[in-house]
Amino acid sequence: MRIAISNRSGVAIYEQIKEQVKAAIFSGELKEDDILPSVRQLARDLKVSVITTTRAYSDLDAEGFVVTVQGRGCFVLPRNKELAKENALHKIEEGLSAAIAAAKAEGIGKEEVTERLDLLWRVEDDESH
């Protein structure tokens with residue numbers, strides 16, 4: 001797993017770490033029982049404070065993505081299906097919000113956007129069969 005952070009993104013570094021670890025879990029890159037790099041190792045690799053990596057891991061633990069075992073490390077927990085669905089819905093909402101903004105900017109109405117969505121849905125259904 002590769003984590004890339006940006007000091008210019010406007011998002012706190014611990015949040016960037018947390019979101020990238022979650023993305024790796026949702027994509028299957030990180031699987032149940034995989035061990036994450038130690039807090040100190042990740043801090044060294046990213047050239048950030050140990051406090052920053054500790055906060056990211058602590059949040060991941062609190063949100064049910066990982067479990068920290070004293071003296072052993074931080075391990076990926078089994079994927080929570082409800083959490084995965086919620087993450088997918090969040091991504092869909094972001095995409096739809098961008099599509100709505102683009103449509104409104106060009107004066108395209110809800111009906112036409114809905115027609116396109118229905119058409120794309122049918123095409124995807126046809127291609128998957």
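What you see below is based on every heavy atom in this structure, not just the backbone, and it leaves out hydrogens, waters and symmetry mates.
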Salt-bridge contact Lys22-Glu63 (side-chain N to carboxylate O under 4.0 Å): yes
Asp118 atom CG: more than 12 heavy-atom contacts under 6.0 Å: yes
With rounding to the nearest 0.5 Å, note down the distance linking CD in Glu32 to CD1 in Ile25. 11.0 Å
Is there a continuous path of hydrophobic side-chain contacts, each under 4.5 Å between heavy atoms, that joins Met1 to Leu46? yes
Whether Asp34 side chain and Lys31 backbone form a donor-acceptor pair below 3.5 Å: yes
With rounding to the nearest 0.5 angstrom, report the CD to CG distance, Gln41 to Asp45. 4.5 Å
Hydrophobic cluster membership, Val39 vs Ile51, 4.5 Å side-chain cutoff: no
To the closest 0.5 Å, what do you measure between CG (Leu60) and CD (Glu19)? 8.5 Å
Donor-acceptor pair, side chain of Gln16 and main chain of Ser6, under 3.5 angstrom: yes
Could you see if Val69 belongs to whatever hydrophobic cluster contains Tyr57? Use Ile, Leu, Val, Met, Phe, Trp, Tyr and a side-chain cutoff under 4.5 Å. no
Under the salt bridge (Lys or Arg N to Asp or Glu O under 4.0 Å) definition, can you give me all pairs with a residue in residues 120-129, not counting sequence neighbours? none
Which distance, rounded to the nearest 0.5 Å, do you find between the CG of Asp59 and the NZ of Lys18? 4.5 Å
Does a side-chain heavy-atom distance below 4.5 Å link Val50 with Arg44? no
Nearest non-hydrogen partners of Ala4 and Gln20, listed with the distance: O-NE2, 2.5 Å
Nearest heavy-atom pair of Leu77 and Gly64: which atoms, and what distance? CD1-O, 3.5 Å
Can the ring centroids of Phe75 and Phe65 be said to lie less than 6.0 angstrom from one another? no
Tyr14 reachable from Val66 in the ILVMFWY side-chain graph, under 4.5 Å edges: no
So, Lys91 and Glu94, do they make that salt bridge, N to O below 4.0 Å? no
Can you tell if the side chain of Thr53 reaches within under 4.5 Å of the side chain of Val48, non-hydrogen atoms only? yes
For a quick test of reading the model, state the closest non-hydrogen atom pair linking Val76 to Leu30 and the distance between them. CG2-CB, 4.1 Å
Taking all atoms of both residues into account, what is the closest heavy-atom pair of Ile5 and Ile13, and its distance? CD1-CG2, 3.9 Å
Rounded to the nearest 0.5 Å, the CD atom of Glu15 sits from the OG1 atom of Thr52 at a distance of 12.0 Å
Working to the nearest 0.5 Å, report the span between CG of Leu36 and CD1 of Ile17. 11.0 Å
Is the count of non-hydrogen atoms from other residues, nucleotides or ligands lying under 6.0 Å from Leu117 atom CG greater than 12? yes
